[in-house]
Amino acid sequence: MDPECSRLLPALCAVLADPRQPVADDTCLEKLLDWFTAVTEAGSSLLLLQENPCLVELLFHVLKSQDLSSRILSFSLRLAGIFAAQEDCFQYLQGELLPMLFGEVGPLGGAAWTAPAVRSGWIQGLRTLAQHPSALHFLAACGAVDTIFSLQGDPSLFVASAAGQLLVHILDLVMRGPAEGRRSPQACDWPACAQKIVGHIEDSLCSTDIPQVTQALSVLTTAFGHCHGLWTQGLWVRLSPLVARLLEKDPVPASHSLVDLLLSVARSAPSSDRDLWETLAQTLSHLSPTQAGPLALGILKLQDCFIHRLPKDRRDSWSSPAQSRAGFILRTCSAAFCHLPSGLTLWILGHPVPQVLRTQAFGILLQPLACVLEAAAQAPGPPGLLEGAAADSMMVDTLLSSKSACVGLLCCALAHLGLLQPLPQRPSPWPQAPLLGAAVTILRLCSGSAAPTSDVGGRLCAILVGCGRVQRAALDFLGALSQGTGPQELVTQVFSVLLEYLVSPESSSMVLKKAFQATLRWLLSSPKTPGCCDLDPHTQLFLRELLPVLQKRLCSPCWEVRDSVLEFLTQMTRHCGGQAGFRQALLASEVPELTKQLLRDPESYVRASAVTATGQLSSWGLCATPAIPECPGAQQESLLVELLHILSTDSEGFPRRAVMQVFTEWLRDGHADVAEDAERFVAGVLQAASRDLDWEVRAQGLELALVFLEQLLGQRGSHCPYAVALPETAPPGVLDQALQVLCRVQLFEFAFRALFDCDRPVAQKSCDLLLFLRAKAAPCGSSQEAGDSPNVASVEATLQRWQAGEQGQPLGYLEPGAVVALLRSIDLEGLRDTLAESSDHVEKSPQSLLQDMLAAVGVLGENEADCY
């Protein structure tokens, strides 16, 4: 420990032990605990206590004080746990202190126990303490395990959760020894503490009290999720019959916790017997459709290979084909395993999920959609439409039982299938066409455009019509299905229902946003015309129908709708701006002109989106037709002027940021009107950006400056400031010309001022820019040597005043030689390192923490505290 910290520690312990002193806030106490943890991890806890006896005195005083705050008592319990985590220090404290802190004579029997913070501190202290065999004997002797059992049902969810985690930790610690060198220790060989914990779990699983069952399942879920010892296999063999017996109850108790447990078991370690798979299949059959969905999805997401650890001395005992294959993979990838702890290695064991179980799980997810298809069908559908997912009476009853049940079940099914769609382990063959049909049908039921003939279909339509939640879920799912293929007839129906939603006045702004997102995904995934890169005829026909809708929605009184249209237009233009069919349809519409008008929208979000959209349209030459035919550049120039006006005058930050991003893209891509006079363009933009109060605008201005610099030096593409190798130096002639241009556009005035910006990201970006330029300039000098420049001293004096916060005086025009001299004289590397440090790198030191805590109660003098 630092000597200064040791000097301050007795005073701090006295403050903490004095109930009359104001208690430090929780943040300071947590930082103090973190510091003690770091100190004990780096050295001996016993030596720490012997050198600082005030710490032990604090713990004893806490036990004697009757009016100490619950926060200090909780802090002391956790602190004792940190010290006792090392076995020699545990022995030092065990005689009197630890039994009084954690036993029945301590806080357990006092009024302080009613505070959740004290119970939480007691648990966390024991959790930290339980790291060695001596701690296990202590837990058994002081009756702590029984207290942990009772805390599982604590009214505080944090305390209850921590109690369950502590039980798992103790069980894992107890079982590490017996599991050594054995594949699965028998129950009769387990230590008494483990027998007691497992017996408690067995009693809870057999209980008729659902909260108790939930507690047991949660403990087991944590155990299989976080413990990877061989004993977990024996634990499952012992408890799986009791878990399976829960399925015999109607309804199944704690179904969500049961699902979590079974999936945790399935992921934690492979099993060559069929018991686990049979239990999963039975659970799918016994749970309600809503409860079975998450389990079905979890089963289908299981990989065919599991990873778990085995002792190295067991590697030769595996001889099955799967295990031999695993050994071959292990040897092939041996380099990847060189950092494993001694005595352990990774084995990859192939145990694929049985296909029958996967089919059953997939059928569970498909059943709600199968019911919808069957109920809405005008005529009997072809057999095997969704094979293995035929509608059953339970599913129909659930869908029709209430609106909330129907909506919840359909939304879950659509979400689960949407998550499954992009995964490589999804079921094959994937029923793309039926799923497309189901999504379209659900959307039509919600809009009221479907005309089901069956009684079930009519009732479903009555439940779903106008339901925005199902509409959003179905549109998300429909967008996910765009990654697959389908028959043209169904794709036509997809575009038809999307257009229906985009046109409908009943569509809410959120539904419209989802509809635009799904439409974009389908348009971008549409096949191209053979022999060219243009859109196919069906897509072009849809675009011609869509553009009048965009025109109407751009005039919507709802700003969220206008914003969604502009986002859609921006993405479509970015991806399809070069395709003839899209260009012709767009230029024949009023969309470009309406988009430009929204630059003056009263809502700042819409103005920002309009800036981005017009910038993208202009990049592809798709802006509104010039007002003066004989001056083809007039319209484009007016757009550039208007965007500069927004950058200089808009009262909101979002539009100004959008303008800077557009200008940077224009400069990078060689936009015609920017390239015509790039020097003038950059000078105007940097002048506006340097005065902006929004740090993101200033940072984007530096990004634009970097692009301009790279182009002057003949280097295309953005430079990564974190690259290992420095950029190559530029030829002297090219560098001289570039420096002259940069001085004329006053880039250095902007960059040097930004170097001392009060917003750290701006200063970091400026530092990276100047380091890049200096690397380009070294080792060659400019045409005027650094020492010959007459105004270097005055510029350095100005920079020093800027650094001190006096940024009123401008630098004025800089000569290239002065720039090179400044770049070489400023310690840019040191500044970069300083900027990389956190803003509180000084204040968060342990010494500063102790000083602040003492200063808060007046123990230190005015100048001794590190106040910040």
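Residue indices begin at 1 and follow the sequence shown.
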Worksheet item: Are a donor atom and an acceptor atom from the side chains of Ser285 and Gln360 found within less than 3.5 Å of each other?
Response: yes

Fill in: Leu498 side chain reached by Leu475 side chain, heavy atoms, under 4.5 Å
yes

Worksheet entry | Side chain proximity check, Leu410 to Cys406, heavy atoms < 4.5 angstrom | yes

Fill in: Any donor-acceptor pair under 3.5 Å from Arg553 side chain to Val565 backbone
no

Worksheet item: Are Arg600 and Glu642 close enough for a salt bridge, meaning some N to O gap below 4.0 Å?
Response: yes

Item to complete: Return yes if a side-chain donor-acceptor contact under 3.5 Å exists between His538 and Thr492, otherwise no.
Response: no

Worksheet item: Any side-chain heavy-atom pair from Pro289 and Gln367 closer than 4.5 angstrom?
Response: no

Worksheet item: What's the shortest heavy-atom distance between Leu499 and Glu545, and which atoms?
Response: CD2-OE1, 3.6 Å

Discussion item. Could you tell me if the side chain of Leu569 sits less than 4.5 Å from the side chain of Leu617, heavy atoms only?
Written reply: yes

Distance-only donor-acceptor hits, side chain of residues 508-517, under 3.5 Å, sequence neighbours excluded:
| unit_1 | atom_1 | unit_2 | atom_2 | d |
| --- | --- | --- | --- | --- |
| Ser508 | OG | Val511 | N | 3.3 |
| Lys513 | NZ | Glu567 | OE1 | 3.1 |
| Lys514 | NZ | Asp476 | OD1 | 3.4 |
| Lys514 | NZ | Asp476 | OD2 | 3.2 |

Discussion item. Donor-acceptor pair, distance only, cut-off 3.5 Å: does the side chain of Ser507 make one with the backbone of Tyr501?
Written reply: yes

Worksheet item: What heavy-atom pair brings Cys411 and Ala473 nearest, and what distance separates the two atoms?
Response: SG-CB, 4.0 Å

Worksheet item: Would you call Leu300 and Leu365 a side-chain contact if the rule is heavy atoms closer than 4.5 Å?
Response: yes

Worksheet entry | Heavy-atom check, side chain of Leu554 versus side chain of Leu566, under 4.5 Å | yes

Practice prompt. With sequence neighbours excluded, tell me which residues meet ring-ring contact (aromatic ring centres under 6.0 Å, His included) with Phe495.
Written response: Phe542

Fill in: Side chain Ser589, main chain Leu547, donor-acceptor under 3.5 Å
no

Worksheet item: Judged by atom type as modelled, is there a donor-acceptor pair below 3.5 Å linking the side chain of Ser504 to the main-chain atoms of Glu500?
Response: no

Discussion item. Keeping Arg698 on the side-chain end and Asp692 on the backbone end, is there a donor-acceptor pair under 3.5 Å?
Written reply: yes

Item to complete: Would you mind telling me which of Asp669, Leu704, Val685 makes a side chain to side chain contact (heavy atoms under 4.5 Å, CB included) with Thr664?
Response: Leu704

Worksheet item: Between the main-chain N or O of Lys552 and the side-chain N or O of Ser556, is there a donor-acceptor pair closer than 3.5 Å?
Response: no

Fill in: Exercise: do Thr573 and Trp620 side chains pair donor with acceptor under 3.5 Å
no

Discussion item. Testing the basics here: between Val762 and Leu702, what is the closest heavy-atom pair and its distance to 0.1 Å?
Written reply: O-CD1, 3.4 Å

Discussion item. Please list all pairs meeting ring pair (Phe, Tyr, Trp, His ring centres under 6.0 Å) that have one or both residues in residues 409-449, counting only residues at least two apart or in different chains.
Written reply: Phe362-Trp430

Worksheet item: Regarding Ser257 and Asp260, is there a side-chain donor-to-acceptor distance under 3.5 Å anywhere?
Response: no

Practice prompt. State, yes or no, whether a side-chain contact exists between Thr359 and Val356 at a heavy-atom distance under 4.5 Å.
Written response: no

Worksheet item: Thinking salt bridges, do Arg668 and Glu703 make one under a 4.0 Å N-O criterion?
Response: yes

Fill in: Distance-only donor-acceptor check, side chains Ser288 and Thr290, under 3.5 Å
no

Item to complete: Mark yes when over 12 heavy atoms from residues, nucleotides or ligands other than Gln355 sit less than 6.0 Å from its CD; otherwise mark no.
Response: yes

Discussion item. Quick check against the 3.5 Å criterion: does Gln551 have a side-chain atom that pairs as donor or acceptor with the backbone of Glu590?
Written reply: yes

Fill in: Side chains of Leu481 and Gln421 in contact at under 4.5 Å (non-hydrogen atoms)
yes

Worksheet item: Side chain of Ser648, backbone of His645: donor and acceptor closer than 3.5 Å?
Response: no

Practice prompt. Measure from the side-chain N and O atoms of Glu652 to the backbone N and O of Arg607, and report whether any donor-acceptor pair falls under 3.5 Å.
Written response: no

Discussion item. Would the distance check show the side chain of Ser618 and the main-chain N or O of Gly615 forming a donor-acceptor pair, the cut-off being under 3.5 Å?
Written reply: no

